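Nothing here was measured: the structure is a model prediction, and the numbers come from that model.
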Amino acid sequence: MESEAPTMENNPKISAYYQTRLAHFGVVSTEWLAQAQSATNPLLSSSTDSDTDKDTNFSVIDEFNRWRSHPDLAEAVAAIRALAAVISSSKASTMMQLEIELKNASDTLKAWDTTSISLTAASDLFMRYVTRTSALEFEDFNSAKSRLIERADKFGEISYKARKIIAMLSQDFIFDGCTILVHGFSRVVFEVLKLAAHNKKRFRVFCTEGRPDRTGLRLSHELAKLDVPVKLVIDSAVAYTMDEVDMVIVGADGVVESGGIINMMGTYQIALVAKSMNKPVYVAAESYKFARHYPLDQKDLVPAIRPVDFGVPIPLKVDVECSARDYTPPQYLTLLFTDLGVLTPSVVSDELIQLYL
């Protein structure tokens, strides 16, 4: 093998993805370059590739939607399962073709909802976990593909079990007689509270209504079914009720490099009030939501718009704030309950480095 950096630069058809691979490994072969150019240029693809397109109707979005229809499955886990299916259904004959197919599928999923932090993070982590070692390049293709499928299934199982692991780790922080404030409907927070109820712990929950989609109202219904004492609180009454609260537990759409979180609109102000009154704020979040983002303020977030229904007509000249989420900086958070363990916000960046290595 010999260094071919100039050759790469003289081939504009080679994508930035493979230029990055070149920079990482430092050396490439002529055969490697030919495969990369052929795989990224449909006009140079072999007839086998076109035959494959005709023989399969597999769609990563359709597979994603099929998994997403499961009521208890998180959107990010559905994406992981869909990407695993890409490997199993692939007709690629080389590792290069399979990696490109997987990368394209990942990009397709991320483009499906560019505002979803967890979807992007899960797709990126899947790619990193499955293709982590370059040893795959030197294995027999069928053996390498089998290893990829094995890793993909393992990553899917790890992600699926994350919620239950978090629920178990958090139980030591919920004590008898405590009052917990929650915001919106988070599946992992509900799992935490459900396990505490099954463990016969005595506690009560304050649920914010969770405007504009009233997800807090939905959570209050689910907790009532478990015979957990629940009080529904309007979002603007958080400061009024905080003196009765022993702790705040919220979920997260994404955990960012600073150790802060991106979550449903209103999380930031709840954390501010809790901090001012010395109440701990706990975050329950799966590790596949750890994202390589570093927002400096609220305006650094990709807009996620959700319609707001005030129940009455709004004058045309009046603007309505429709942002669906906000950023809570790490200094307002106490601990993060994750499937990697119970972490302080300052440790998150170290965990991110390990995840993306």
Side-chain angles (χ1 to χ4, degrees), residues 67-78 80-81 118 122 156-211 213-233 235 238 241-242 244-255 261 263-264 266-267 270-271 274 279-290 333-343:
W67 283 104
R68 202 164 60 93
S69 64
H70 295 218
D72 294 329
L73 205 64
E75 188 176 85
V77 178
I80 290 166
R81 294 295 194 185
S118 62
E157 285 302 313
I158 291 171
S159 302
Y160 179 71
K161 293 176 180 177
R163 202 180 296 162
K164 295 188 181 297
I165 295 171
I166 292 168
M168 288 188 291
L169 290 174
S170 64
Q171 294 307 299
D172 290 340
F173 296 86
I174 300 176
F175 54 88
D176 277 339
C178 70
T179 299
I180 304 169
L181 175 69
V182 298
H183 182 54
F185 187 97
S186 162
R187 289 186 181 94
V188 67
V189 170
F190 177 61
E191 193 72 31
V192 168
L193 300 176
K194 183 169 71 172
L195 182 58
H198 287 168
N199 289 340
K200 307 299 181 183
K201 292 196 175 186
R202 294 176 289 109
F203 62 96
R204 62 174 179 161
V205 178
F206 287 0
C207 286
T208 59
E209 61 176 331
R211 297 275 293 188
D213 50 10
R214 299 186 179 180
T215 47
L217 182 60
R218 176 186 165 198
L219 180 59
S220 68
H221 280 297
E222 295 299 324
L223 291 172
K225 293 177 185 177
L226 299 174
D227 294 324
V228 174
V230 182
K231 179 188 282 188
L232 198 60
V233 177
D235 292 349
V238 167
T241 58
M242 188 61 75
E244 299 180 61
V245 171
D246 293 299
M247 70 188 75
V248 176
I249 303 181
V250 296
D253 289 343
V255 179
I261 62 169
N263 196 42
M264 179 179 178
T267 304
I270 290 173
K279 309 289 184 176
V281 178
Y282 301 129
V283 179
E286 304 91 332
S287 60
Y288 58 72
K289 293 180 178 177
F290 282 32
L333 307 176
T334 308
L335 291 171
L336 290 91
F337 304 146
T338 80
D339 48 300
L340 302 175
V342 179
L343 310 176

Could you tell me whether the side chain of [Y] reaches within less than 4.5 Å of the side chain of [X], counting heavy atoms only?
{"X": "Ile80", "Y": "Trp67", "result": "no"}
{"X": "Thr208", "Y": "Ile270", "result": "yes"}
{"X": "Phe175", "Y": "Asp246", "result": "yes"}
{"X": "Phe337", "Y": "Leu169", "result": "no"}
{"X": "Phe185", "Y": "His221", "result": "no"}
{"X": "Asp253", "Y": "Ser118", "result": "no"}
{"X": "Leu226", "Y": "Phe190", "result": "yes"}
{"X": "His70", "Y": "Arg81", "result": "no"}

For [X] and [Y], which heavy atoms make the closest approach, and how far apart are they?
{"X": "Lys201", "Y": "Phe203", "value": "O-CD2, 3.4 Å"}
{"X": "Gly210", "Y": "Met264", "value": "O-CE, 3.2 Å"}
{"X": "Ala76", "Y": "Ala122", "value": "CB-CB, 3.6 Å"}
{"X": "Ala285", "Y": "Ala252", "value": "CB-CB, 4.0 Å"}
{"X": "Ile174", "Y": "Ala196", "value": "CD1-CB, 4.1 Å"}

Does [X] reach the main-chain N or O of [Y] with its side chain, forming a donor-acceptor pair under 3.5 Å?
{"X": "Thr334", "Y": "Val281", "result": "yes"}
{"X": "Lys194", "Y": "Glu222", "result": "no"}
{"X": "Asp235", "Y": "Arg211", "result": "yes"}
{"X": "Glu209", "Y": "Thr215", "result": "no"}
{"X": "Asp176", "Y": "Arg202", "result": "yes"}

Is there a side-chain contact (heavy atoms from CB on, under 4.5 Å) between Val342 and Asp172? Walk through the geometry before answering. CA-CA 11 Å; Val342 179; Asp172 290 340; over 6 Å; no
Drop me the distance from [X]'s [atom1] to [Y]'s [atom2], to the nearest 0.5 angstrom.
{"X": "Met247", "Y": "Phe173", "atom1": "CE", "atom2": "CZ", "value": "9.5 Å"}
{"X": "Glu191", "Y": "Met168", "atom1": "CD", "atom2": "CE", "value": "10.0 Å"}
{"X": "Ser186", "Y": "Ile249", "atom1": "OG", "atom2": "CD1", "value": "10.0 Å"}

Run through Ile166, Leu336, Leu340, Ile165 and flag the one making a side-chain contact (heavy atoms from CB on, under 4.5 Å) with Ser287.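 The passing option is Leu340.
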Looking at Leu219, Leu223, Val182, which one forms a side-chain contact (heavy atoms from CB on, under 4.5 Å) with Val230?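 That would be Leu223; it is the only one of Leu219, Leu223, Val182 passing the side-chain contact (heavy atoms from CB on, under 4.5 Å) with Val230.
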Got more than 12 heavy atoms from elsewhere within 6.0 Å of CZ, Arg214? no
Whether over 12 other heavy atoms sit under 6.0 Å from Arg68 CZ: yes
Test side-chain contact (heavy atoms from CB on, under 4.5 Å) on Met242 and Val248; report intermediate values, then the result. CA-CA 9 Å; Met242 188 61 75; Val248 176; 4.2 Å; yes
Let's go through Asn263 and Val283 carefully: what are the C-alpha distance in whole Å and the side-chain angles of both, what is the deciding distance for side-chain contact (heavy atoms from CB on, under 4.5 Å) to 0.1 Å, and is it a yes or a no? CA-CA 10 Å; Asn263 196 42; Val283 179; over 6 Å; no
Going through the checks in order, is the side-chain contact (heavy atoms from CB on, under 4.5 Å) test met by Ile261 and Thr267? CA-CA 9 Å; Ile261 62 169; Thr267 304; 4.0 Å; yes
